[in-house]
Each structure stands twice: as C-alpha cells, then as structure tokens.
Amino acid sequence: MKLIGIEEHFLTPEIKDAWSAIGLEAADPSVAFHGGSLEKRLTDLAEERLALMDETGLDVQVLSLTTPSLHDLGPDSVDLARRANDAVAEAVARHPDRFQALATLPVAMPDEAALEFERCVRTLGFKGTMLCGRVGHRNLDHADLLPIFQSAAALKAPVLLHPRAPDKPVRDAYYSGFSPQVDAAFSCFGLGWHYDAGIQFLRLVLAGHFDRFPDLQVILGHWGELVLFYAERIASMDRVTRLKHSMMTYFRRNLYVTASGMFLPHYLEQAARIVGRDRLLFSTDYPYQCRPGGDARRILENCGLDEADRQAFAHGNWERLIENLPHAF
C-alpha cells in the first residue's frame with residue numbers, strides 16, 4: 001500500500017540566514033528549534049532523507065518549507081522563494097517517485113506570491129502551498145492577502161495551514177512566567193501555535209472566504225489544530241455569522257485534516273466524525289516526529305480503518321485532492 005506523507009518539512013541555509021539577518025529569533029522562538037540534528041535533516045533532500053523514509057515505511061514525502069517560512073520577510077522574499085522552489089523542484093526531478101512539493105510563497109508581497117504560486121503549480125508541478133499563519137501582524141483573512149487565495153481557488157490547489165508562534169503580546173500574556181525553554185515550548189509545539197493555526201482557519205471561514213471560493217480546500221495538521229474537538233461549540237456561531245452555510249458545512253466541504261505524526265486512534269476517530277473519512281490525510285511531520293523501525297507503516301496497519309478507508313488515508317484522499325491540478329508544462 002503506497003504511503004504518502006503530506007506534511008514533511010525542509011529548510012534551506014539561505015532562508016535560515018535570512019531569518020537571522022532580521023533578528024527573527026527574538027520575535028519567534030520557533031526559529032531556535034531549527035539547529036543541530038534537526039537542521040541537518042531539514043536541509044538534506046537526498047540520501048539520508050530517503051533512508052529515513054524507508055526506515056519508517058513512507059513512500060512519498062510532500063515537501064514544504066518549515067515554519068515560520070517567509071512570513072516576516074519583505075520584498076527580498078520574492079527571489080528567495082523562487083530559489084527555494086527551484087531547489088525543491090530539482091530534488092523532486094531527481095526522485096519523482098519519492099518527492100512532491102508545496103510552494104514556498106513570498107506572502108508579504110501578495111500579488112507576487114500569487115504569481116509564484118501559479119508558476120510552481122503550472123510549471124514546476126507542485127501540489128499546493130503551505131502558509132504559516134499571520135503575515136507580520138496581518139491574519140490570513142486580511143484583504144491584502146486575498147490574491148493568494150484567489151490563486152489557490154483558480155488553480156484548484158490546496159493550502160496547508162501550518163502553525164507558527166503566537167504574536168509576542170499573546171505569548172507574554174498566556175505562555176510566559178516559566179523558564180525560557182518552557183515558555184518557548186508552551187507557546188509553540190506544546191500548545192500555543194496549534195491554537196493559532198486553528199484560529200487562522202476559523203478566521204477564513206468567518207471572513208467568508210469559502211463563500212467567495214466554494215471550491216477552496218484547506219488542510220489543517222495535528223488532526224485539525226484543536227478546532228475539531230470544539231466543533232459543537234463552534235457550530236453555535238451559526239446564529240450570528242450570516243454566512244451562506246453552517247460551520248459544519250465548511251468543515252465537511254472545505255477542510256482536510258492530517259495526522260502530523262500524532263497517531264492516537266481516538267484522534268483519527270474524532271476527525272473522521274467531523275470531516276468524514278474521505279478527508280483524512282497521512283503525514284509524519286518529518287523531521288520533528290521522525291520515528292524509526294517501520295513506525296509509519298505500523299501505525300497505518302493498526303489505525304482501526306477498514307481496507308478501503310486505510311487505502312484512502314494512506315494515499316487515495318490526497319491523490320483525489322490534487323487530481324484536477326493544471327499539468328506542468
């Protein structure tokens with residue numbers, strides 16, 4: 001059974017240097033996570049990555065630039081994104097049966113980002129894009145960023161919403177007061193950035209993006225970044241939103257969810273109840289959740305789904321999601 005991981009990350013030395021050049025570590029504690037052995041695995045797009053894929057049982061990685069991506073960079077990010085996309089396209093070309101890719105976009109320049117998105121899909125054969133929450137101080141539903149979602153809808157290309165650290169005033173108010181290491185973990189992978197990603201999706205719904213673009217498809221990692229577990233309460237907003245459809249309709253029509261290396265069966269069951277089994281996607285969140293010893297394959301075999309749904313989870317749902325993308329030149 002082919003196994004495709006759709007949230008698997010990379011980093012280029014040039015982008016890490018660009019983060020350092022603007023002092024991003026002071027504003028986003030997640031930047032400091034990308035050192036040592038993690039940096040080595042993130043920057044490798046060749047033999048070591050392939051060997052670790054084989055060890056865990058993953059056939060294909062869909063590559064995406066790790067958080068916080070280019071969201072805090074200005075006009076220089078246009079060329080930076082293009083170089084990163086070209087480098088990943090070369091890796092995909094070397095191993096077309098093992099790698100696919102999501103576009104890295106210069107999101108601070110939305111018109112240029114939309115053009116780069118189109119180039120990546122139509123020319124390079126990429127499968128969508130990944131966004132990492134706020135762009136500077138703008139949430140993803142900000143009117144300035146609409147060209148990116150217009151492009152996604154026109155291309156029929158999915159948008160993976162990845163977590164990033166909450167803004168500093170939020171971290172100071174809710175995630176501080178312990179040691180620097182605990183504060184950083186609490187505000188990021190411990191809890192904070194999952195809330196942030198889920199809120200970004202809900203903002204897109206409440207702003208009417210899915211009424212404006214009914215076919216727009218968004219992916220949330222970590223089994224829905226908390227919002228699926230509060231679907232009943234979120235649905236109570238129907239009486240005030242004045243949207244065209246219920247909140248549950250957007251969950252089942254415009255949202256896919258992926259595991260991101262979190263493999264507890266009851267998480268999968270809850271996600272399936274809310275969005276449907278045809279909207280579940282597999283991912284290992286490499287290299288942050290790199291599990292050796294055939295772990296990914298073993299998780300798939302013991303996930304509690306029947307054969308047809310297991311095939312869909314492993315690869316079928318992803319392949320159906322991307323089947324109508326424009327063909328690369």
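Being a predicted model, the structure only gives us computed values, none of them experimental.
To the nearest 0.5 Å, the span separating CZ on F126 from CG on L63 amounts to 8.5 Å. In this structure, CZ on F282 lies 4.5 Å from CG on L3, to the nearest 0.5 angstrom. Atom-to-atom distance recorded for D211:CG and L216:CG is 11.5 Å, nearest 0.5 angstrom. A distance of 8.5 Å separates CG of L131 from CG of L145, quoted to the nearest 0.5 Å. Atom CG in L255 sits 7.5 Å away from atom CZ in F210 (nearest 0.5 Å). Interatomic distance, OG1 of T66 versus CE of M130, reported as 6.0 Å (0.5 Å rounding).
At a threshold of 4.0 Å, the pair R119-E116 counts as salt-bridged, since one of the basic side-chain nitrogens sits closer than that to a carboxylate oxygen. Between E48 and K40 there is a salt bridge, since a side-chain N of the basic residue sits under 4.0 Å from a carboxylate O of the acidic one. Under 4.0 Å is where a charged nitrogen must lie from a carboxylate oxygen, and between K2 and D59 no such pair does. With salt bridges taken as basic N to acidic carboxylate O contacts below 4.0 Å, none links E323 and R320. In this structure, R98 pairs ionically with D54, as a charged nitrogen and a carboxylate oxygen lie closer than 4.0 Å. Under a 4.0 Å N-O distance rule, the pair D196/R134 qualifies as a salt bridge. Ion pairing of D306 with R310 is absent here, as no side-chain N (NZ or NE/NH1/NH2) approaches a carboxylate O to less than 4.0 Å. Looking at D86 and R83, no side-chain N of the basic residue comes within less than 4.0 Å of a carboxylate O on the acidic one, giving no salt bridge.
Connection of I6 to V218 is established within a shared hydrophobic cluster, with ILVMFWY side chains joined at heavy-atom distances below 4.5 Å, either directly or through further cluster members.
No side-chain donor-acceptor contact under 3.5 Å links R94 to the backbone of A46. In this structure a side-chain-to-backbone donor-acceptor pair under 3.5 Å is missing from S187 to R171. Between the side chain of Q217 and the main chain of R253, a donor-acceptor pair closer than 3.5 Å is present. The closest donor-acceptor contact from the side chain of H71 to the backbone of C132 lies under 3.5 Å.
Counting non-hydrogen atoms of neighbouring residues, nucleotides and ligands closer than 6.0 angstrom, the NE2 atom of H266 exceeds 12 such neighbours. For Y288, the OH atom is densely surrounded, since the number of other residues' heavy atoms within 6.0 Å is greater than 12. Around atom NZ of K156, no more than 12 heavy atoms belonging to other residues, nucleotides or ligands sit under 6.0 Å away.
Across L228, I234, V257, a single residue satisfies side-chain contact (heavy atoms from CB on, under 4.5 Å) together with I274, and that is L228.
Judged by distance alone, the side chains of D141 and H209 never bring a donor and an acceptor atom under 3.5 Å apart. S260 and Q289 form no side-chain donor-acceptor contact under 3.5 Å, judged by distance and modelled atom types alone.
Taking 4.5 Å as the limit, every side-chain heavy atom of F117 sits out of range of all side-chain heavy atoms of E112.
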Margin query: With side-chain contact (heavy atoms from CB on, under 4.5 Å) as the criterion, how do D238 and L243 come out once you've worked through the C-alpha distance, each side chain's angles and the decisive distance to 0.1 Å?
Written below: CA-CA 8 Å; D238 287 344; L243 297 168; over 6 Å; no
